[in-house]
Amino acid sequence: MYIYFKNKIALVTDGAQGMGLDTAKAFANHGATVIIADYNEKQAQLAATEINNLGGKAIAIPCDVSKESDVKNTIDQIINQFGRLDAAFNNAGVQSPATNIADLTTEEYDRTLNINLKGVWLCMKYEI
Ligand SMILES: NC(=O)c1ccc[n+]([C@@H]2O[C@H](COP(=O)([O-])OP(=O)(O)OC[C@H]3O[C@@H](n4cnc5c(N)ncnc54)[C@H](O)[C@@H]3O)[C@@H](O)[C@H]2O)c1
């Protein structure tokens with residue numbers, strides 16, 4: 001399937017590297033302006049610069065998807081700058097180190113669920 005994103009505004013969480021960056025580049029290749037939201041601010045800026053240097057359009061916004069204020073701020077910035085959001089890839093996710101259930105700390109459990117589950121919900125809440 002070929003989808004054309006000319007003049008569309010697309011958000012990619014976790015877009016600074018890995019599958020998120022590859023998806024951001026794909027959006028840009030198909031004409032979208034891409035917002036790279038990642039909690040690694042420096043890496044997100046490097047990713048946006050790389051896309052811009054390749055002839056695409058991208059900006060970076062620092063965002064920890066597990067923090068409601070960060071997610072709200074990201075969407076507010078997008079709406080203020082571009083007036084709308086057309087597509088989103090809520091890709092941010094982490095994996096806990098493999099361990100026995102009894103050895104997993106509550107902090108690590110909360111961190112993983114707050115990014116992988118609450119983070120996706122927060123993004124959808126403010127995107128929608
Ligand atoms: N790579 C795989 O084989 C694979 C397999 C299945 C699922 N996934 C899922 O796909 C997604 C991307 O995986 P990947 O391997 O490309 O990731 P990656 O490890 O290459 O990149 C992770 C990125 O997530 C960012 N990040 C981490 N916590 C964040 C947070 N709270 N808020 C915003 N950004 C945050 C990091 O800064 C980094 O840029 C993840 O959700 C992962 O769980 C990956």
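Please read these numbers as outputs of a predicted model, since none were measured by experiment. Counting convention: from 1, in listed order, for ligands and their atoms alike.
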Original post:
Is the CZ atom of Phe82 crowded by more than 12 outside heavy atoms at less than 6.0 Å?
Top reply: yes

Subject >> Selected option - heavy-atom contact closest to atom 8 (N) of ligand 1, from Gln95, Lys42, Met19, Gln17 >> reply: Met19

Original post:
Below 4.0 Å from any atom of ligand 1, is there a heavy atom belonging to Ile115?
Top reply: yes

**OP:** Would you verify that at least one protein heavy atom lies under 4.0 Å from atom 6 (C) of ligand 1, or report that none does?
**Re:** no

Subject >> Ala16 neighbourhood, listing ligand 1 atoms whose heavy-atom distance to it stays under 4.0 Å >> reply: 39 (O)

Original post:
Relative to the heavy atoms of Val94, which atoms of ligand 1 are at a distance of less than 4.0 Å?
Top reply: 27 (C), 28 (N)

Original post:
What residue and heavy atom of the protein are closest to atom 33 (C) of ligand 1, and at what distance?
Top reply: Cys63 O, 3.1 Å

Subject >> N/O donor-acceptor pair under 3.5 Å between Asn80 side chain and Asp76 backbone >> reply: yes

Subject >> Shortest reach to atom 39 (O) of ligand 1 by a heavy atom, considering only Asp38, Val71, Asp22, Asp64 >> reply: Asp38

Original post:
Any chain of hydrophobic side-chain contacts (each under 4.5 Å) joining Leu104 to Ile115?
Top reply: no

**OP:** Distance to 0.1 Å, residue and atom name: give those for the protein heavy atom nearest to atom 24 (O) of ligand 1.
**Re:** Asp14 OD1, 2.3 Å

**OP:** Return yes or no for this condition: an N or O of Gly93 is under 3.5 Å from an N or O of ligand 1.
**Re:** yes

Original post:
What protein heavy atom sits nearest atom 26 (N) of ligand 1, and how far away is it?
Top reply: Tyr39 CE2, 3.5 Å

Original post:
Taking atom types as modelled and ignoring hydrogens, do the side chains of Gln95 and Asn116 form a donor-acceptor contact shorter than 3.5 angstrom?
Top reply: no

Original post:
Does an N or O anywhere in Ser66 fall below 3.5 Å from an N or O of ligand 1?
Top reply: no

Subject >> Protein heavy atom under 4.0 Å of atom 35 (C) of ligand 1 >> reply: yes

**OP:** From atom 11 (C) of ligand 1, work out which of Asn114, Asn91, Thr112, Val120 has a heavy atom at the shortest distance.
**Re:** Asn91

Original post:
Nearest to atom 32 (N) of ligand 1, what protein heavy atom do you find, and at what distance?
Top reply: Val65 N, 3.1 Å

Original post:
Is there a donor-acceptor pair under 3.5 Å between the side chain of Asn40 and the backbone N or O of Gln43?
Top reply: yes

Subject >> Neighbour count above 12 (heavy atom, 6.0 Å) for Glu108 CD >> reply: yes

